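Predicted model only: the values in this text are computed from it and were never measured. We count ligands from 1, going down the list as the structure has it; atoms in each ligand are counted the same way.
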Amino acid sequence: MAVNPFEMAKKQIDIVAEVLDLDPNIHKFLKRVERSLIVSIPIMMDDGTVKIFEGYRVHHSTIRGPGKGGLRYSLGVNLDEVKALATWMTWKTSLLNLPLGGSKGGICVDPFKLSKKELERLTRRFTAEIINIIGPDIDIPAPDLNTNPQIMAWIMDTYSMQKGRTITGVVTGKPVEIGGSVGRADATGMGLYFVLQAMAEKLKLDLKSLKIVVQGFGNVGGSIADLLYKHGCKVIALSDISTGIYYEDGLDLEKLLAWAKQGNLLKDYKNDKYKLIGNDELLTLKCDVLIPAAIENQITEKNAEKIDCKIVLEGANGPTTPEADKILFKKEIYVVPDILANSGGVCVSYFEYVQDINSYFWKLDRINEELKRIIIEAFEETYKISEEKKIPLRTAAYIIAVSRIAKAIELRGIFP
Ligand code: NAD
């Protein structure tokens, strides 16, 4: 049976609570979300029938600032998944020391079965349903699985129409023409790249000689694979939902990205040298770096023993279960945790929010420079704790993130 992601998120808190000898009251506090809103979204389909979808927005913590977290459209979306994702966002913004909290949202829907007009109606109605708990001072959504800048534009427009004025800071990941930030589209990939560079330096590995496997070919997987290719690194295997492809000498990412950008799946890509492989085979290929960048629960106690790499760089949120973490640590595989590795997205989202509020926009160089500074600072701090205490990078990152939240709770006190 699939692992419940919220149970997994709570288990991760238990692990760090023990290491930190955390106050039991704060421990209890952290395992609950602040608020969850479940909404019904009735949509008039193009054929005149009405379909009702279910949507969620969850705030795990707003103790250090407005909630921040993506919005996903997928049939896998349910309340516990959203709660887990919101919890992980709290740790991520805290680890980077951003003045934000953690939230997440989603709609249980297969967006590929909707027309563009249906998708727009779904997005606008969902925005109207959650309007009281989002806003630049409350909670700021962003793209995630199967959502994109166009969807963010519809949310911004719906919110602004209801408030009677343009409020760009209600979402991030918008098109640059309407208050988006340059560098946001590639921010998660860029952050992954900076962290991998830093990790390779620590382990005295030459990035260009490494064999890299990427699971997922969307916003995150596509972007990191592209950056690696452009920097002369070798991606030997890659997958999307349709299949994995493998070529020992390195895949031609330029051609593959052009193929995917036209809306094509990897299973239909023709190259006689490339071997089609399944998801299980892809994850257990011998390589130096494995980048799971698709969905959660991919490295579990079932396949962890067979994972054959030096570094797992978590592009996706929650791809490794706590049981698998233990096995990988024993095998001396470094797992660079999601809350650190893929935090480039939320970091540049924060820059977008700051730019919107100030109505002053930065150049790409400044975005990448500040991103690198913030993410590398978090990496160095995490790595140091992990080496000193001889603990996994995830536990070290959680020590930093959870301590900051615990301190904020202690300082603010429990209302009333
Ligand atoms: P996306 O929808 O753009 O891409 C997802 C990719 O994974 C697609 O190639 C899809 O075909 C593939 N995929 C989906 N289900 C799969 C399955 N069952 N097996 C194998 N492949 C599958 O989504 P994304 O925005 O790239 O997000 C991917 C992951 O990264 C998610 O866990 C998300 O929460 C996380 N993340 C995203 C961002 C961001 O900026 N978009 C930031 C941080 C973390």
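Between D249 and K273 no salt bridge is recorded (no basic side-chain N to carboxylate O distance below 4.0 Å). Salt-bridge check for K306 with D280: failed, with every basic side-chain N at 4.0 Å or more from each acidic carboxylate O. One finds no salt bridge joining E380 and K384 here, because no Lys/Arg side-chain nitrogen approaches an Asp/Glu carboxylate oxygen to under 4.0 Å. Salt-bridge check for K310 with D288: passed, with a basic side-chain N closer than 4.0 Å to an acidic carboxylate O. Salt-bridge annotation for K116 and E120: absent, with no side-chain N of the basic residue lying under 4.0 Å from a carboxylate O of the acidic one. With respect to E369 and R366, no salt bridge is recorded, no charged nitrogen being found less than 4.0 Å from a carboxylate O.
The protein non-hydrogen atom at the shortest distance from atom 7 (O) of ligand 1 is A294 CB, 3.4 Å. The protein non-hydrogen atom at the shortest distance from atom 2 (O) of ligand 1 is N146 N, 3.1 Å. Scanning the protein for heavy atoms near atom 35 (C) of ligand 1, the closest one is N317 ND2, 3.6 Å. For atom 11 (O) of ligand 1, the closest non-hydrogen atom of the protein is I241 N, 2.8 Å. Distance from atom 19 (N) of ligand 1 to its nearest protein heavy atom, with residue and atom name: N279 ND2, 4.2 Å. With hydrogens left out, the protein atom closest to atom 4 (O) of ligand 1 is G218 CA, 3.2 Å, a heavy atom.
Using modelled atom types and a 3.5 Å distance limit, the side chains of E301 and T321 yield no donor-acceptor pair. A side-chain N or O of N342 and one of N317 form a donor-acceptor pair less than 3.5 Å apart. Looking at T93 and R64, their side chains never bring a donor and an acceptor atom within 3.5 Å of each other.
Close N/O approach between Q215 and ligand 1 is not found [any backbone or side-chain N/O within under 3.5 Å]. Ligand 1 has no N or O atom lying under 3.5 Å from any N or O atom of I295, backbone or side chain. The shortest N or O to N or O distance between T188 and ligand 1 is under 3.5 Å. Some N or O of D144 is nearer than 3.5 Å to an N or O of ligand 1, by distance alone. Between K104 and ligand 1, a contact under 3.5 Å exists for no N or O pair.
Short contacts between ligand 1 and A316, defined as distances under 4.0 Å to a heavy atom of the residue, involve ligand atoms 29 (C), 30 (O), 32 (O), 35 (C). The L145 neighbourhood of ligand 1 comprises atoms 2 (O), 5 (C), 23 (O), 27 (O), 28 (C), with distances under 4.0 Å to a heavy atom of that residue. When each atom of ligand 1 is checked for a heavy atom of F217 under 4.0 Å away, the hits are 6 (C), 8 (C), 9 (O).
Distances from atom 37 (C) of ligand 1 to the heavy atoms of D186, L192, L265, V220 show the closest one on V220. Here atom 43 (C) of ligand 1 lies nearest to N342 when heavy atoms of N148, D338, T243, N342 are compared.
The distance from atom CG of D226 to atom CD of E254, rounded to the nearest 0.5 Å, is 8.5 Å.
Contact annotation: G315 has at least one heavy atom less than 4.0 Å from an atom of ligand 1.
Counting heavy atoms closer than 4.0 Å to ligand 1, residue A293 contributes backbone atoms (N, CA, C, O) but none from C-beta onward. Contacts between R184 and ligand 1, counted as non-hydrogen atom pairs separated by less than 4.0 Å, involve the side chain only. Contact annotation: for R72 versus ligand 1, heavy atoms closer than 4.0 Å belong to the side chain alone. Here N219 has heavy atoms under 4.0 Å from ligand 1 in both its backbone and its side chain.
The nearest pair of heavy atoms linking I151 to N146 is CD1-O, 4.1 Å.
Between W259 and Y269, the ring planes are perpendicular. Angles over 60° get that label, and only those under 30° would be called parallel. Note: Y334 and Y383 have parallel aromatic rings, judged against thresholds of 30 and 60 degrees for the angle between ring planes.
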